[in-house]
Amino acid sequence: MNYIDPSTPGSRLPKSGNSARRLPGPRDVSGWAREYERRRAAYRGDPYTDGEIKELGLFRLQNRAQDANALRTRRVTRDYKFVCDVDASAIHGGGLTLHTDTGALDAADRVWAWSRLAAHLPRWAMNFAVDGDFYLECVRVMRGQAPMVVFVNRAPEIVDPQYDATGTFLERVTIAFTTDPTIDKDGKDVPGQHIRRVLTRDRIDVWVDERKQEDLGVWGAGPHALGEVPIVHVGFKGFGEPEHSLGAGHGIDETLSALDSMLTQLLAIGNRYADPLPVFAAAALDAEALTDWRGGSALALPEGASVDMLVGDLSNYGTIADVIQSERDALRQGFPEFVFSETSAAASGAALTTRAHAFTQKIEPVRRAFWRGLEVATSYALAMSNRVAWDAATHDVFRVTGGPVFPADKATDVALMGDLMDRGIFHPLDAVKRLQAMSLVDADLDPEEYLERAEASMFMRDERLSAAMRAAGLTGQAGEDAILALDTERVEE
């Protein structure tokens with residue numbers, strides 16, 4: 001069985017007829033590519049495109065010259081980015097930890113290390129929140145004489161998934177993209193290559209510039225024995241079709257575009273107030289004369305001509321600004337992510353608790369689905385490495401955990417772990433992994449090697465203390481008091 005996010009309502013819907021296309025939205029691959037780019041542009045704060053301004057009816061200052069640089073609606077608010085940032089932070093949880101009750105943990109940890117998962121995780125979580133669709137391919141590469149499997153996050157616009165008739169299981173996935181041009185060792189330009197990868201349940205076929213590749217070491221092509229399509233797809237929020245999902249910013253973007261439009265209009269009014277527009281009757285000035293007049297030169301008008309100044313009216317400026325802020329505050333009330341913003345600073349304790357609970361209820365299924373995707377991808381990678389068919393009972397044995405939704409006090413967590421280890425109910429190796437998840441220990445270090453070095457360091461310290469105590473003739477309670485004094489001095493330092 002292949003994996004699809006179980007929390008996605010549309011993942012179990014049949015794909016017969018036109019049922020998968022019954023909701024408005026992009027209708028083809030190129031349309032979805034534009035939609036994903038629109039979501040990223042909203043996150044980056046890029047200007048609205050001409051198409052968006054026309055489709056959404058956004059403000060654009062018109063002038064007789066049809067100046068291409070005329071004032072137009074821009075993304076002033078950054079609430080879209082804020083929502084995505086908060087969700088992404090909760091998804092990667094400050095670092096993830098892999099668990100299993102089997103002996104496969106070392107091999108799985110190697111896959112994570114080869115894939116540099118700890119370094120890529122924040123970016124992957126952000127891609128997931130912004131794009132709404134997350135694809136993680138298990139790619140075979142050569143390491144010496146033996147193949148190994150690493151994770152590669154594929155951008156959703158280059159992935160064309162094909163599900164079975166139920167819309168539940170992946171049957172075939174096509175990944176097509178063009179590499180960037182490069183420069184070879186001789187300084188010559190090397191054009192980009194068009195890559196097409198076709199993944200099925202039994203093999204991986206690769207074409208480079210329409211030439212089929214058979215090299216396992218370079219392209220990972222050929223049979224893979226997995227029995228499943230070696231890629232995992234997780235949707236942020238399903239909306240009726242398994243291939244595509246909504247992102248974290250869905251529901252806030254269109255309202256923000258209207259607020260951006262209103263704010264840009266206020267800017268236009270303010271600009272006109274600060275820079276009045278001359279309006280001539282029965283006369284016309286060329287650009288040079290108009291510039292001289294604005295610079296303070298006298299203006300000679302023909303008989304019967306006149307000039308007036310078009311000035312922005314600021315009488316209702318404050319009222320409109322208040323309306324915009326009120327609408328923005330109301331919009332934020334519908335997104336519990338703003339429990340982390342300054343707008344919650346004046347909220348009551350009960351209100352903050354309610355918002356915190358709402359955010360937890362919203363994000364827990366999403367991040368659990370993301371973690372589940374990593375679990376399944378890990379099990380796929382090990383089966384591919386061993387060149388055996390994937391079996392749920394044998395390979396689907398991993399569990400991923402992360403930090404709490406709301407940031408915890410690290411000092412308190414560390415003290416608690418120390419207390420639990422002293423009682424013998426928390427293993428030191430688990431403590432090291434937890435410290436890595438909290439970014440207190442380098443995530444790229446091997447936990448077992450780190451623990452061995454730490455234990456060796458503690459042993460040497462204890463040996464030195466014992467030798468010093470014996471040399472000083474300290475035993476019994478006096479010896480314990482001396483150790484306590486040394487520890488106290490170390491803490492104070």
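- A heavy-atom distance below 4.5 Å is not found between the side chains of T73 and L56.
- Checked against a 6.0 Å centroid threshold, the rings of F128 and W124 do not count as neighbours.
- With respect to the salt-bridge test (charged N to carboxylate O, under 4.0 angstrom), the residues R399 and E375 do not qualify.
- The side-chain heavy atoms of D50 and R60, taken from C-beta on, include a pair separated by under 4.5 Å.
- Other residues, nucleotides and ligands place no more than 12 heavy atoms under 6.0 Å from the NE2 atom of H357.
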Report task. Mind running side-chain contact (heavy atoms from CB on, under 4.5 Å) on Y48 and R75 for me, showing each step along the way? Result -> CA-CA 7 Å; Y48 289 98; R75 286 187 169 93; 3.5 Å; yes
Query - side-chain contact (heavy atoms from CB on, under 4.5 Å) assessment of F236 paired with D87 - result: CA-CA 10 Å; F236 190 94; D87 287 359; 3.6 Å; yes
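- The line from CG of L117 to CG of L136 is 8.0 Å long, rounded to the nearest 0.5 Å.
- Environment of CD in E55: sparse, with no more than 12 heavy atoms of neighbouring residues, nucleotides or ligands closer than 6.0 Å.
- A donor and an acceptor atom, one from each side chain of S245 and D133, are located under 3.5 Å apart.
- A 4.5 Å side-chain heavy-atom check between V111 and T378 finds every atom pair outside the cut-off.
- Using a 30° and 60° split on the angle between ring planes, Y135 and H233 fall in the parallel class, below 30°.
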Report task. Please report the C-alpha distance between V198 and W207 in whole Å, then the side-chain angles of each, then the deciding distance to 0.1 Å, and finally whether the side-chain contact (heavy atoms from CB on, under 4.5 Å) criterion is met. Result -> CA-CA 9 Å; V198 178; W207 286 264; 3.7 Å; yes
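- Shown here for V149 and C138, the closest heavy-atom pair between the two residues is CG1-CB, 3.7 Å.
- Counting all heavy atoms, side chain and backbone alike, V400 lies closest to W371 at O-CE3, 3.5 Å.
- The pair D253-R39 fails the salt-bridge criterion, with no side-chain N (NZ, NE, NH1 or NH2) lying under 4.0 Å from an Asp/Glu carboxylate O.
- The closest side-chain heavy-atom distance from P181 to D189 is not below 4.5 Å.
- Between F134 and F370, the ring-plane angle classifies as tilted under the 30° and 60° cut-offs.
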Query raised in the report: Under the side-chain contact (heavy atoms from CB on, under 4.5 Å) criterion, do L266 and I324 qualify, and how do the steps go?
Result: CA-CA 10 Å; L266 285 184; I324 294 174; 3.7 Å; yes
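- Summarising the local packing, CZ of R116 is surrounded by 12 or fewer heavy atoms from other residues, nucleotides or ligands at distances under 6.0 Å.
- A distance of 6.0 Å or more separates the ring centres of F335 and F82.
- A heavy-atom distance below 4.5 Å is found between the side chains of Y43 and M126.
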Query raised in the report: How far apart are the C-alpha atoms of H99 and T401, what are their side-chain angles, what is the distance that settles it, and do they pass the side-chain hydrogen bond (donor to acceptor under 3.5 Å, both in side chains) test?
Result: CA-CA 8 Å; H99 310 268; T401 60; 2.8 Å; yes
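- Put simply, the side chain of Y36 reaches to within 4.5 Å of the side chain of H244, judged on heavy atoms.
- Heavy atoms from other residues, nucleotides or ligands lying under 6.0 Å from NE2 of H250 number 12 at most.
- Checked for salt-bridge contact, D260 and R74 miss the test: no charged N lies under 4.0 Å from a carboxylate O.
- Salt bridge present: D46 and R44 bring a charged side-chain N and a carboxylate O closer than 4.0 Å.
- A salt bridge is absent between R34 and E37: the closest approach of a Lys/Arg side-chain nitrogen to an acidic carboxylate oxygen does not fall below 4.0 angstrom.
- The minimum heavy-atom distance linking L96 with G402 is given by the pair CD2-CA, 3.8 Å.
- Note that CZ of F177 is 12.0 Å distant from CZ of R196, once rounded to the nearest 0.5 Å.
- Q333 and D329 are not linked by any side-chain donor-acceptor pair at a separation below 3.5 angstrom, with hydrogens and angles left out of the test.
- Looking at T174 and R172, their side chains come closer than 4.5 Å, going by heavy atoms from C-beta outward.
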